[in-house]
Colleague: 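The structure follows.
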Amino acid sequence: MRKADHISADRQSFWILILLAFGTINSVLHLWLSQLPEQTTNIFLVIIASGIVFSNRAHWAFLIVLNWLGWIVVNLAVDMPMMMHFFFALFMGTMLSWFAHLARRTLVSKQAELLQERDIAVAHEREAIAANEAKSAFLANMSHEIRTPMNGIIGMIEIISRTNLNDDQKQFIATAKRSADSLLFVINDILDFSKIEAGELRLENVEFEITQFIFDLVQEQKVLADSKGLKLGLVTNNTKQLNVVGDPYRMKQVFNNLLSNAVKFTDRGGVTIKYDVVSIDDTLRFSTEIHDTGIGICDSAIPSLFDSFSQADTSTTRKFGGTGLGLAITKQLCELMGGDIAIESTLGKGSIFKFTIPLKPAEQTEPGDSDEHPEALQPVMNLSVLLVEDNDINQEVMLAILENMGVNVGAANDGLEAIDILEASDSTHFDLIFMDCQMPNLDGYETTRRIRAGHTGEALRQIPIVALTANAMDSEKQKCFDAGMNDYLTKPIDIGSLKNTLALYHRN
């Protein structure tokens, strides 16, 4: 049988009209043949029913006229008692049917409007999903396109800095490195903002010592503060070592955003960091205040201070730079970690940023048992690596870095070439593969799947494969793992992470 929702509304109304018309004829015949006036009740019911079920004005009017004509014909043909009584009953029934018909038309009209609004909402939702997917694809591509040359720039700066340079050349290289790091900082801000919007930012739970964590952060900013003649102070009631569990990387990001802003916007006086850790039931509350004697913020700018791409004054951007994303990311990170952030500020006198983050107490361990931050093992000689990279500059950079570490390196320009190399009879000497993901001819994902499927021989099915990609989105990381890769490094390559990766697979 056909479902009712597959039949058009006009056709449904037509078939209901036919059924009620048969009902009318049946009622009129019963009235005529029985000559019992109470049979008029059937006609009355058909009139009422027509008002309830019909939103089509023509159908309703046709059925009302048909019922009245039938009743009048019978009463003229047969001398029916109580004619006036039933006349008024039918008249009242017709009026009730009319109001029911109006209500039905209103209901159908509202249903049509709701369906239209639903269709519009569904269309908007699809457009939003499509736009979000397009934005994610755009960000992934832009991340790749920007990070790929950045890998070459930062890598070459790193290589040159290890050569014999005079003092002027060292200064030039240091300036180039600071500029590259500043650009990478902006790129990472945009990427983090995109990750948060896309719901792809993941928090870690790592054990770390909070006092040393704060001390290291302050030391990182002390150089900049000293260069401006500012006093950088640290005040705390927490003087003992305390191991906690949280996300130190994201906490460092929050701290650095606030602390670097405080130093940047302060020309005289100083910056003071006050922090405390309070135990509440089975959790710890980490509270921090960052005081500065800087330019301050006017009251009208504070409500929008944590908005994306917002700064207190457009002249601020021209004078101090920045994307306007730092505080927006900071607020979102605090909220993702279950905390909050607030500000007190007076224009011309300074600002106080306050934030709290819940942490978990670390499990107690005996002294000397913990190896939370082991010294990264240095890669040793005789580790053989196959580098699969289509970009000539990035290939040159990686080859130079790896060879400088004492690693034996072979290179392939794309996935097809990598498979040809691995299929060679002496290919089993490779200990590790660094695999670029986006390459012509055969990309890194498909190349990895073919290796795992045994296309290069059973001996290499389990060879460690580390992704080298300029796409830093979490979805990209999962895509690499789904393809069969073991690890993941993002471009620009961090030398420390690269050393740790080489050391890990050398041990294995």
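Scope of the values below: all heavy atoms of this structure, side chains included, with no hydrogens, waters or symmetry mates. Worth saying up front: this structure is predicted, and the values here are computed from it rather than measured.
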Colleague: Distance under 6.0 Å and angle within 45° of the ring axis: does Lys479 meet both against Tyr445?
Modeller: yes

Colleague: Look up atom CD1 in Ile210 and atom CG in Leu242, then write down how far apart they are to the nearest 0.5 Å.
Modeller: 7.5 Å

Colleague: Return yes if some donor-acceptor pair links the side-chain N/O of Glu207 with the main-chain N/O of Val245 below 3.5 Å, else return no.
Modeller: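 Side chain of Glu207 to backbone of Val245, a donor-acceptor pair under 3.5 Å: no, none is there.
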
Colleague: With rounding to the nearest 0.5 Å, note down the distance linking CD in Glu423 to OG1 in Thr456.
Modeller: 7.0 Å

Colleague: Taking everything shown except Glu396 itself, do over 12 heavy atoms lie less than 6.0 Å from its CD?
Modeller: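 12 or below, so no.
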
Colleague: Would you confirm whether Glu417, through its side chain, and Asp414, through its main-chain N or O, come within 3.5 Å as a donor-acceptor pair?
Modeller: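 Such a contact is absent between Glu417 side chain and Asp414 backbone.
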
Colleague: Under the side chain to side chain contact (heavy atoms under 4.5 Å, CB included) criterion, do Ile159 and Ile401 qualify, and how do the steps go?
Modeller: CA-CA 7 Å; Ile159 292 167; Ile401 292 173; 4.0 Å; yes

Colleague: What's the shortest heavy-atom distance between Met485 and Ala467, and which atoms?
Modeller: SD-CB, 3.3 Å

Colleague: To check you understand the geometry: which heavy-atom pair defines the closest contact between Leu468 and Asp436, and what is its length?
Modeller: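 Reported closest heavy-atom pair: O-OD1, 2.9 Å.
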
Colleague: Indicate yes or no for a side-chain donor-acceptor contact from Ser384 to the backbone of Phe430 under 3.5 Å, with no hydrogens or angles considered.
Modeller: no

Colleague: Do the non-hydrogen side-chain atoms of Gln221 and Asn256 ever get within less than 4.5 Å of each other?
Modeller: yes

Colleague: Examine the side chains of Thr211 and Glu209 and answer whether a donor and an acceptor come within less than 3.5 Å of each other.
Modeller: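 Yes.
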
Colleague: Measure the spacing between CE of Met156 and CD1 of Ile173 and express it to the nearest 0.5 Å.
Modeller: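 Reported value, rounded in 0.5 Å steps: 11.5 Å.
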
Colleague: Is Glu344 salt-bridged to Lys354, going by a charged N under 4.0 Å from an acidic O?
Modeller: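 Counted as a salt bridge, because a side-chain N and a carboxylate O are separated by less than 4.0 Å.
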
Colleague: Within a 6.0 Å radius of atom CZ on Phe215, are there more than 12 heavy atoms belonging to other residues, nucleotides or ligands?
Modeller: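 No, not enclosed.
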
Colleague: Which atoms form the tightest heavy-atom contact between Cys334 and Phe355, and what is the distance?
Modeller: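 For Cys334 and Phe355, the tightest heavy-atom pair comes out as SG-CB, 4.1 Å.
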
Colleague: Measuring from atom CG of Leu432 to atom CG of Asn486, what distance do you get when rounded to the nearest 0.5 angstrom?
Modeller: 8.5 Å

Colleague: How far apart are the C-alpha atoms of Gln438 and Asp390, what are their side-chain angles, what is the distance that settles it, and do they pass the side chain to side chain donor-acceptor pair (under 3.5 Å) test?
Modeller: CA-CA 8 Å; Gln438 295 187 20; Asp390 67 303; over 6 Å; no

Colleague: Could you walk me through whether Ile343 and Phe306 pass the side chain to side chain contact (heavy atoms under 4.5 Å, CB included) test, one step at a time?
Modeller: CA-CA 10 Å; Ile343 178 177; Phe306 294 103; 4.2 Å; yes

Colleague: Could you check if a side-chain atom of Leu359 sits within less than 4.5 angstrom of a side-chain atom of Val277, using non-hydrogen atoms only?
Modeller: no

Colleague: Answer with yes or no whether the side chains of Asp487 and Thr501 bring together a donor and an acceptor at under 3.5 Å.
Modeller: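 Absent: no donor and acceptor within the cut-off.
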
Colleague: Distance check, rounded to the nearest 0.5 Å: Leu305 atom CG versus Ser300 atom OG?
Modeller: 11.0 Å

Colleague: Report yes if some heavy atom in the side chain of Phe255 is under 4.5 Å from a heavy atom in the side chain of Thr288; otherwise report no.
Modeller: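 With C-beta onward as the side chain, the pair touches.
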
Colleague: Give me the atom names and distance for the closest heavy-atom approach of Tyr488 to Val466.
Modeller: N-CG1, 4.0 Å

Colleague: When you compare the side chain of Glu389 with that of Met398, does any pair of heavy atoms fall below 4.5 Å?
Modeller: no

Colleague: Mark yes when over 12 heavy atoms from residues, nucleotides or ligands other than Asp167 sit less than 6.0 Å from its CG; otherwise mark no.
Modeller: no

Colleague: Over all heavy atoms of both residues, which pair between Asn391 and Ile393 is shortest? Give the atoms and the distance, please.
Modeller: OD1-N, 3.1 Å

Colleague: Could you pull out the closest heavy-atom pair between Ala418 and Val388, with the gap in Å?
Modeller: CB-CG2, 3.7 Å

Colleague: Show the numbers, then the answer: is there a side chain to side chain contact (heavy atoms under 4.5 Å, CB included) between Glu403 and Val409?
Modeller: CA-CA 7 Å; Glu403 288 171 356; Val409 193; 4.2 Å; yes

Colleague: Any heavy-atom pair between the side chains of Leu498 and Met405 that's under 4.5 Å?
Modeller: yes

Colleague: What distance do Lys170 atom NZ and Thr175 atom OG1 have between them, rounded to the nearest 0.5 Å?
Modeller: 14.0 Å

Colleague: Just by distance, do the side chain of Thr293 and the backbone of Arg268 share a donor-acceptor pair under 3.5 Å?
Modeller: yes

Colleague: Determine whether Glu289 and Leu258 make a side-chain contact, defined as any pair of heavy atoms from C-beta on separated by less than 4.5 Å.
Modeller: no

Colleague: Does Asn151 reach the main-chain N or O of Ile493 with its side chain, forming a donor-acceptor pair under 3.5 Å?
Modeller: yes

Colleague: So, the side chain of Lys228 versus the backbone of Thr266: is there a donor-acceptor pair under 3.5 Å, distance only?
Modeller: yes

Colleague: Distance only, no hydrogens: is a donor on one side chain within 3.5 Å (strictly under) of an acceptor on the other, for Asp482 and Gln478?
Modeller: yes

Colleague: Without swapping roles, check the side chain of Asp292 against the backbone of Gly294 for a donor-acceptor pair under 3.5 Å.
Modeller: yes

Colleague: Measure the acute angle between the ring planes of Phe286 and Tyr275, then classify it against the limits of 30° and 60° as parallel, tilted or perpendicular.
Modeller: tilted

Colleague: Is the backbone N or O of Glu204 less than 3.5 Å from a side-chain atom of Asp247, with the two atoms forming a donor-acceptor pair by type?
Modeller: yes

Colleague: Counting only heavy atoms not in Gln116 (residues, nucleotides, ligands), do more than 12 fall under 6.0 Å from its CD?
Modeller: no

Colleague: Do Leu203 and Asn205 touch side chain to side chain, with heavy atoms closer than 4.5 Å?
Modeller: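 No, every pair of side-chain atoms sits at 4.5 Å or beyond.
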
Colleague: Any side-chain heavy-atom pair from Leu383 and Leu502 closer than 4.5 angstrom?
Modeller: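 Yes - at least one pair of side-chain heavy atoms lies under 4.5 Å apart.
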
Colleague: Would Asp226 and Leu232 count as a side chain to side chain contact (heavy atoms under 4.5 Å, CB included) here? Give the steps.
Modeller: CA-CA 8 Å; Asp226 288 345; Leu232 190 60; 5.9 Å; no

Colleague: Does Arg461 offer a backbone N or O that forms a donor-acceptor pair with the side chain of Arg452 under 3.5 Å?
Modeller: yes

Colleague: Check the side chains of Asn257 and Thr330 for a donor-acceptor pair under 3.5 angstrom, ignoring hydrogens and angles.
Modeller: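 A pair is found: one side chain offers a donor N or O, the other an acceptor, under 3.5 Å apart.
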
